[in-house]
Amino acid sequence: MATESVIDTSSTYDVDYASEDVVNAWQTKRLRMIRVEVGDDHIREALAGIQQDPVVTALASSAALQPVGKSDLDGNISAMSGALLGVAIALLPDEADDSKPVVIGNMTLGWGGISARTAQHRSASMSITLSKDWQGKGYGGEALNWMMDWAFAHAGLHTLSLTAASFNQRGIHLYKKLGFRVEGRRKETIYFNRGWYDEIDFGMTEHEWEALRQKK
């Protein structure tokens, strides 16, 4: 009689409610991430207020500065919901005593979605906007650190990228602080308020992220 082979079913990693990184997979110490979806009126209202701020718009986008209309907002929400990941950044309940989530910004990874024809590169760009009232409190860095971890640990990406206009010095300082590498500077590619400005490219590989987080 043939001997039945025994297949090893053990694992070096076990997921349960003691796995803190899984239990808290879509939140940080002060923030929680809510998926942006078409039809979510509360998130739509919050994002509309953020996108009507001309300073936020100028720092987050190279589009011409103009009021945001319904079709603009619809297009942005559609692109966020279709992204690899598009989330509203909200305060945890102990950060804000409110029955509805207090949305302070949004982040997108792979704006509009990643094509199946380019998915093999395992690369995506990131972007973030944060409401004026919640800037300067460390929320932007906290949210971006979460997105970096999600991108490499759960989405299996190999590289991340983001860009900033040269007049966005606060953003440039933050991206460097988070460990992003300056990959290039495109001269005078952004026209804004009667002046020409450069676009700064930032990048990070999964190996650089592993070194930052001291992961193997």
Side-chain angles (χ1 to χ4, degrees), residues 20-21 24-34 36 47 50-51 53-62 80 83-92 94-96 102-111 122-187 189-190 192 197-216:
E20 188 175 339
D21 58 336
N24 299 319
W26 38 80
Q27 72 180 48
T28 65
K29 183 178 179 180
R30 301 181 295 169
L31 304 170
R32 61 173 166 149
M33 311 305 163
I34 303 171
V36 173
L47 296 184
I50 295 169
Q51 294 186 16
D53 184 327
V55 175
V56 169
T57 298
L59 295 176
S61 170
S62 60
M80 281 185 259
L84 177 60
L85 185 65
V87 295
I89 306 167
L91 299 178
L92 284 175
D94 55 352
E95 288 285 309
V102 177
V103 176
I104 66 172
N106 65 273
M107 288 189 299
T108 306
L109 180 66
W111 179 266
R122 293 168 54 200
S123 180
S125 61
M126 308 171 54
S127 62
I128 183 172
T129 60
L130 208 62
S131 174
K132 175 186 175 182
D133 293 340
W134 303 102
Q135 295 177 15
K137 303 177 187 295
Y139 290 123
E142 189 172 328
L144 284 169
N145 265 318
W146 176 86
M147 181 70 92
M148 291 158 55
D149 291 349
W150 188 89
F152 290 120
H154 296 293
L157 293 186
H158 182 64
T159 58
L160 287 178
S161 64
L162 47 78
T163 62
S166 56
F167 53 71
N168 185 3
Q169 285 295 305
R170 182 187 291 184
I172 290 169
H173 173 76
L174 175 59
Y175 305 151
K176 288 180 177 179
K177 182 180 177 181
L178 294 177
F180 280 91
R181 184 175 17 83
V182 178
E183 295 190 321
R185 182 171 185 138
R186 285 176 279 177
K187 300 291 291 184
T189 56
I190 297 176
F192 181 78
Y197 299 91
D198 303 343
E199 188 168 46
I200 315 296
D201 293 326
F202 294 88
M204 180 180 293
T205 68
E206 63 178 314
H207 307 304
E208 291 167 334
W209 171 78
E210 288 168 352
L212 282 173
R213 301 292 190 261
Q214 297 182 339
K215 293 180 180 289
K216 293 182 180 180

side-chain contact (heavy atoms from CB on, under 4.5 Å) evaluation trace for Leu130 with Ile104 = CA-CA 6 Å; Leu130 208 62; Ile104 66 172; 4.0 Å; yes
Assess whether atom CZ of Arg213 is packed by more than 12 heavy atoms of other residues, nucleotides or ligands within 6.0 Å.
-> yes
For the atom pair CG (Asp149) and CG (Leu144), what is the distance rounded to the nearest 0.5 Å?
-> 11.0 Å
Please assess Trp146 against Ile89 for the test side-chain contact (heavy atoms from CB on, under 4.5 Å), listing each intermediate value before the final yes or no.
-> CA-CA 11 Å; Trp146 176 86; Ile89 306 167; over 6 Å; no
Give, for atom CZ of Phe152 and atom CZ of Arg122, the distance between the pair rounded to the nearest 0.5 Å.
-> 9.5 Å
Say whether, by atom type as modelled, one donor and one acceptor occur between the side chain of Trp111 and the main chain of Gly86 under 3.5 angstrom.
-> no
Is the closest side-chain heavy-atom distance between Leu92 and Gln27 below 4.5 Å?
-> yes
Taking atom NE2 of His158 and atom NE2 of His207, what is their separation to the nearest 0.5 Å?
-> 4.5 Å
Got a second to check how far Leu160's CG is from Met148's CE, nearest 0.5 Å?
-> 7.5 Å
Taking every non-hydrogen atom, the tightest pair across Leu157 and Ser123 | CD2-N, 4.1 Å
Can you check side-chain contact (heavy atoms from CB on, under 4.5 Å) on Met204 and Leu212, steps first, answer last?
-> CA-CA 10 Å; Met204 180 180 293; Leu212 282 173; 3.6 Å; yes
Smallest separation among heavy atoms of Met107 and Met33, with atom names = CE-SD, 4.1 Å
Is a side-chain donor or acceptor of Thr28 paired with a backbone partner of Leu31 at a separation under 3.5 angstrom?
-> yes
What is the minimum heavy-atom distance between Arg185 and Ser166, and which atoms define it?
-> NH2-CB, 3.8 Å
When every non-hydrogen atom of Val36 is compared with those of Met80, the smallest separation belongs to CG1-CB, 4.0 Å
Scanning both residues in full, the closest heavy-atom pair of Ala165 with Ile190 reads CB-CD1, 3.6 Å
Work out which heavy atom in Leu178 is nearest to a heavy atom in Gly141; give both atom names and the distance.
-> CD2-O, 4.0 Å
So, does Ser131 use its side chain to make a donor-acceptor pair with the main chain of Gly105 at under 3.5 Å?
-> no
Given side chains that start at C-beta, do those of Leu91 and Trp134 come closer than 4.5 Å, heavy atoms only?
-> yes
CA sep, side-chain torsions, deciding dist, call: Gln51, Thr129, side-chain contact (heavy atoms from CB on, under 4.5 Å) | CA-CA 8 Å; Gln51 294 186 16; Thr129 60; 5.8 Å; no
Contacts of His154 that satisfy side chain to side chain donor-acceptor pair (under 3.5 Å) - sequence neighbours left out = none
Under the ring-ring contact (aromatic ring centres under 6.0 Å, His included) test, which residues partner Phe167, sequence neighbours left out?
-> Phe192, Tyr197
To the nearest 0.5 Å, atom CD1 of Ile128 lies from atom CG of Leu59 at 12.0 Å
Approximate separation, where rounding is to 0.5 Å, of Glu183 CD and Thr163 OG1 = 11.5 Å
Do side-chain atoms of Glu208 reach the backbone of Phe180 as a donor and acceptor pair under 3.5 angstrom?
-> no
